[in-house]
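All remarks here apply to the structure that follows.
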Amino acid sequence: MLMSGVAEEVSSSATSSPLLSFMSISPTALGSPYSPWLRELKSDERGLFLIHLLLNCANHVAAGNLDQANAFLEHISLLASPEGDTMQRIASYFTEALARRLLRSWPGLYRALNPVAADSSATAAARRLFVDLCPFLRLSFLVSNQAILEAMEGEKMVHIVDLGGSDPAQWLALLQGLASRPEGPPHLRVTAVGEHKELHLHTASVLSKEAEKLDIPFQFNAVVSKLDSLNVESLRVKTGEALAINSVLQLHSLLASDDIAAARKLFPFKSAGTLGELLDKDQGSDSSSSPFNLTPSAKMETFLASLWSLSPKIMVVTEQESNHNGSTLNERFVEALNFYAALFDCLESTLPRQSLERLSVEKKLFGEEIKNIMACEGLERKERHEKLERWMMRLEMAGFGRMPLSYYGMLQARRMLQGFGCDGYRVKEENGCFLFCWQDRALFSVSAWNFRRVD
């Protein structure tokens with residue numbers, strides 16, 4: 001079953017599925033979770049049934065119906081598996097996320113069962129695996145480097161600020177591009193912002209050796225800091241430097257807010273609408289482009305203003321192309337189910353089910369993100385992904401001007417995908433920005449911006 005459009009699958013099958021009768025009834029009417037007929041479901045039937053169960057479960061979690069939610073979780077848990085087919089794997093992580101959200105109504109119990117925060121080094125290792133297994137971030141590196149090379153043509157002093165950077169792969173390729181310039185390489189300074197000093201040391205060593213080999217004057221500056229506490233003065237931007245800022249899947253974390261109503265949002269006993277109602281909406285009538293629907297964020301506005309004050313010649317932003325920053329659990333659930341279904345589908349097309357690398361990416365990267373989106377509120381909810389149209393509004397309101405990405409960058413991206421050896425990946429242009437897709441589903445966006453003087 002193609003998983004790149006879960007909500008659409010539910011909508012289109014709702015009138016014809018033999019499982020329709022189970023969509024809106026109580027979990028007790030389903031019978032025992034151990035009923036033999038559940039074990040006899042074919043893969044496609046089981047996948048569709050899991051979607052129905054998840055939708056019903058999420059509705060009950062959002063409404064605070066603990067007994068009903070618990071009963072649905074019991075049914076789902078017996079059908080889901082982190083080592084099964086695509087839908088079974090997805091269901092296992094969404095089940096855990098919904099269960100965690102239920103547990104949060106008992107803080108003591110939640111902390112006792114979850115005493116240790118997510119291992120950031122394991123997450124970083126899983127992200128490096130994701131770079132290798134799927135082409136999305138490598139496409140981002142390629143397109144971003146091309147935009148930076150074009151913007152820095154003729155510049156003699158170039159300063160790159162990498163927000164959240166710990167992977168030297170992108171900058172190794174940029175060094176080679178700068179070394180091949182007809183006018184010769186510039187003096188290059190790279191400033192990497194991140195929490196882990198040891199990763200900075202590794203990046204500094206790798207880049208310094210490559211720069212020496214290519215005869216590029218090079219300096220590396222490490223800023224050990226979280227993004228939300230970064231002081232831009234520590235970036236040490238100097239007069240006369242041409243500044244490039246690069247952010248790969250980082251800015252959305254700054255949308256996290258100290259939500260006074262966060263505790264109430266965990267169980268809003270009067271739901272803002274059922275998932276069925278959300279699914280019935282026209283998929284093309286997304287009103288997120290309206291500035292009235294742009295969630296205000298003082299932290300984001302302040303941070304973007306501080307970057308604008310540095311007068312960057314170019315800023316390249318890569319973000320997830322999905323709206324996981326909705327105010328209600330129902331909104332986020334539908335969006336996240338579609339988004340991560342497509343990512344799980346990518347891995348299904350690339351790796352066998354028993355692959356340890358695949359399991360690591362699904363559990364330690366996707367699984368942790370799903371838990372954060374579904375189970376957390378307020379400052380704890382960092383994975384607040386938004387679509388390109390909202391990032392365009394935020395950046396334009398901060399004073400940045402859009403820089404269209406070049407056709408040559410598009411050709412390079414398509415050439416990389418041809419060499420990847422897997423059908424299904426796409427690159428398309430939208431408003432001068434690039435969208436990286438699985439089938440027809442856009443999953444990541446890359447956009448380029450520059451300093452625009454405000455009169």
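We number each residue from 1, following the sequence as shown.
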Nearest heavy-atom approach of G409 to F434 is C-CE1, 3.9 Å
Tell me, please, which residues at least two apart from L435 pass side chain to side chain contact (heavy atoms under 4.5 Å, CB included).
E321, L388, K428, E430, C437, A442, S445
Distance check, rounded to the nearest 0.5 Å: I373 atom CD1 versus Q320 atom CD?
8.0 Å
Short question: side chain of S180, backbone of G177 - any donor-acceptor pair under 3.5 Å?
yes
Which label fits F136 and Y425: parallel for a plane angle under 30°, tilted from 30 to 60°, or perpendicular past 60°?
perpendicular
Got a second to check how far L139's CG is from M416's CE, nearest 0.5 Å?
5.5 Å
Distance-only polar pair, side chains of E357 and S355, donor-acceptor under 3.5 Å:
yes
Partner residues of R402 under the side chain to side chain contact (heavy atoms under 4.5 Å, CB included) criterion, sequence neighbours left out:
M392, E396, N431, C433, W449
Please report the interatomic distance CD1(I51) to CG(L55), rounded to the nearest 0.5 Å.
7.5 Å
Quick one: CH2 on W171 to CD on E210, what's the gap to the nearest 0.5 Å?
14.5 Å
May I ask you to decide if the ring planes of F130 and F366 are parallel, tilted or perpendicular, using 30° and 60° as cut-offs?
perpendicular
Value rounded to 0.5 Å, distance of OG1 in T191 from CG in D162:
9.5 Å
Could you check whether any side-chain N or O of H75 sits under 3.5 Å from a backbone N or O of A71, counting only pairs where one atom can act as donor and the other as acceptor?
yes
With sequence neighbours excluded, residues passing side chain to side chain contact (heavy atoms under 4.5 Å, CB included) with A211
L175, I216, F218
Hey, are the side chains of L304 and M300 touching, using non-hydrogen atoms and a 4.5 Å cut-off?
yes
Results of side chain to side chain contact (heavy atoms under 4.5 Å, CB included) for S225 - residues two or more places apart only
V223, S229, L230
Please enumerate all residues that pass side-chain hydrogen bond (donor to acceptor under 3.5 Å, both in side chains) together with E195, with sequence neighbours excluded.
none
Taking salt bridge (Lys or Arg N to Asp or Glu O under 4.0 Å) as the test, write out the residues that go with K382, two or more places apart.
D228
Salt bridge flag under 4.0 Å for residues D85 and R46
yes
Taking the inter-plane angle between the rings of F339 and H385 on a 0 to 90° scale, is it parallel (under 30°), tilted (30 to 60°) or perpendicular (over 60°)?
tilted
Give the intermediate values and the outcome of side-chain contact (heavy atoms from CB on, under 4.5 Å) for residues L249 and L137.
CA-CA 9 Å; L249 311 183; L137 295 187; 3.8 Å; yes
Within a strict 4.5 Å, meaning less than it, do heavy atoms of the L54 and T95 side chains meet?
yes
To the nearest 0.5 angstrom, please state how far the OH atom of Y93 sits from the OH atom of Y340.
13.0 Å
Output yes when R332 and E335 qualify as a salt bridge under the 4.0 Å nitrogen-oxygen rule, no when they do not.
no
Determine yes or no for a side-chain-to-main-chain donor-acceptor pair under 3.5 angstrom, with R384 supplying the side chain and S253 the backbone.
no
Heavy-atom donor-acceptor pair, R89 side chain to G84 backbone, under 3.5 Å
yes
Side chain T203, main chain L199, donor-acceptor under 3.5 Å:
yes
For L351, does its backbone N or O pair with a side-chain atom of R358 as donor and acceptor, under 3.5 Å?
yes
I'd like to check the side-chain hydrogen bond (donor to acceptor under 3.5 Å, both in side chains) partners of S81; sequence neighbours left out, ordered by chain and number.
none
Validation row: Q170, S144 side chains within 4.5 angstrom (heavy atoms)
yes
Under the side-chain hydrogen bond (donor to acceptor under 3.5 Å, both in side chains) rule, collect the residues that match up with R415, sequence neighbours excluded.
none
So which atom in F420 and which in L133 form the shortest heavy-atom distance, rounded to 0.1 Å?
CZ-O, 3.3 Å
Could you check whether any side-chain N or O of N330 sits under 3.5 Å from a backbone N or O of N59, counting only pairs where one atom can act as donor and the other as acceptor?
no
Nearest heavy-atom approach of A80 to L50 is N-CD2, 4.4 Å
Could E368 and K371 be called an ion pair, given the rule that one side-chain N must be under 4.0 Å from one carboxylate O?
yes
Is any side-chain N of the basic residue among E319 and K387 closer than 4.0 Å to the acidic one's carboxylate O?
no
Please tell me if the side chains of L79 and Q88 come closer than 4.5 Å, counting only heavy atoms from C-beta onward.
no
Not counting sequence neighbours, which residues clear salt bridge (Lys or Arg N to Asp or Glu O under 4.0 Å) with E183? List them please.
R181
Residues that R138 engages under salt bridge (Lys or Arg N to Asp or Glu O under 4.0 Å), provided they are two or more places apart
none
Any V143 side-chain heavy atom under 4.5 Å of F436 side chain
yes
Non-hydrogen side-chain atoms of I76 and C57 separated by less than 4.5 Å:
yes
Tell me, please, which residues at least two apart from E155 pass salt bridge (Lys or Arg N to Asp or Glu O under 4.0 Å).
K313
side-chain hydrogen bond (donor to acceptor under 3.5 Å, both in side chains) involving Q146 - partner list, sequence neighbours excluded:
E150
Go through it in stages, so that I can follow the logic: the residues are Q176 and L214, the test is side-chain contact (heavy atoms from CB on, under 4.5 Å), and I'd like the CA-CA distance, side-chain angles, deciding distance and then a yes or no.
CA-CA 7 Å; Q176 293 167 2; L214 296 172; 4.1 Å; yes
What's the shortest heavy-atom distance between L359 and P82, and which atoms?
CD1-O, 3.7 Å
Residue pair F303 / L251, side-chain heavy-atom distance below 4.5 Å:
yes
If the threshold is 4.0 Å, N to carboxylate O, is there a salt bridge linking E377 and R104?
no
Looking only at atom types and distance, does a side-chain atom of H324 sit under 3.5 Å from a main-chain N or O of E383, one as donor and one as acceptor?
no
Note: C376 and R381 closest approach over all heavy atoms is O-CD, 3.0 Å
Could you tell me whether a side-chain N or O of D345 sits under 3.5 Å from a main-chain N or O of A341, the two making a donor and an acceptor?
no
Is the shortest heavy-atom distance from the side chain of I314 to the side chain of I245 under 4.5 Å?
no
Keeping W438 on the side-chain end and L343 on the backbone end, is there a donor-acceptor pair under 3.5 Å?
no
What are the two closest non-hydrogen atoms of A192 and H200, and how far apart are they?
O-CE1, 3.3 Å
Taking the basic N atoms (NZ, or NE/NH1/NH2) and the acidic carboxylate oxygens, is any pair closer than 4.0 Å for R127 and E369?
yes
As a quick check of understanding, evaluate side-chain contact (heavy atoms from CB on, under 4.5 Å) for L379 and K299, giving each step before the final call.
CA-CA 11 Å; L379 289 172; K299 188 184 297 183; 3.9 Å; yes
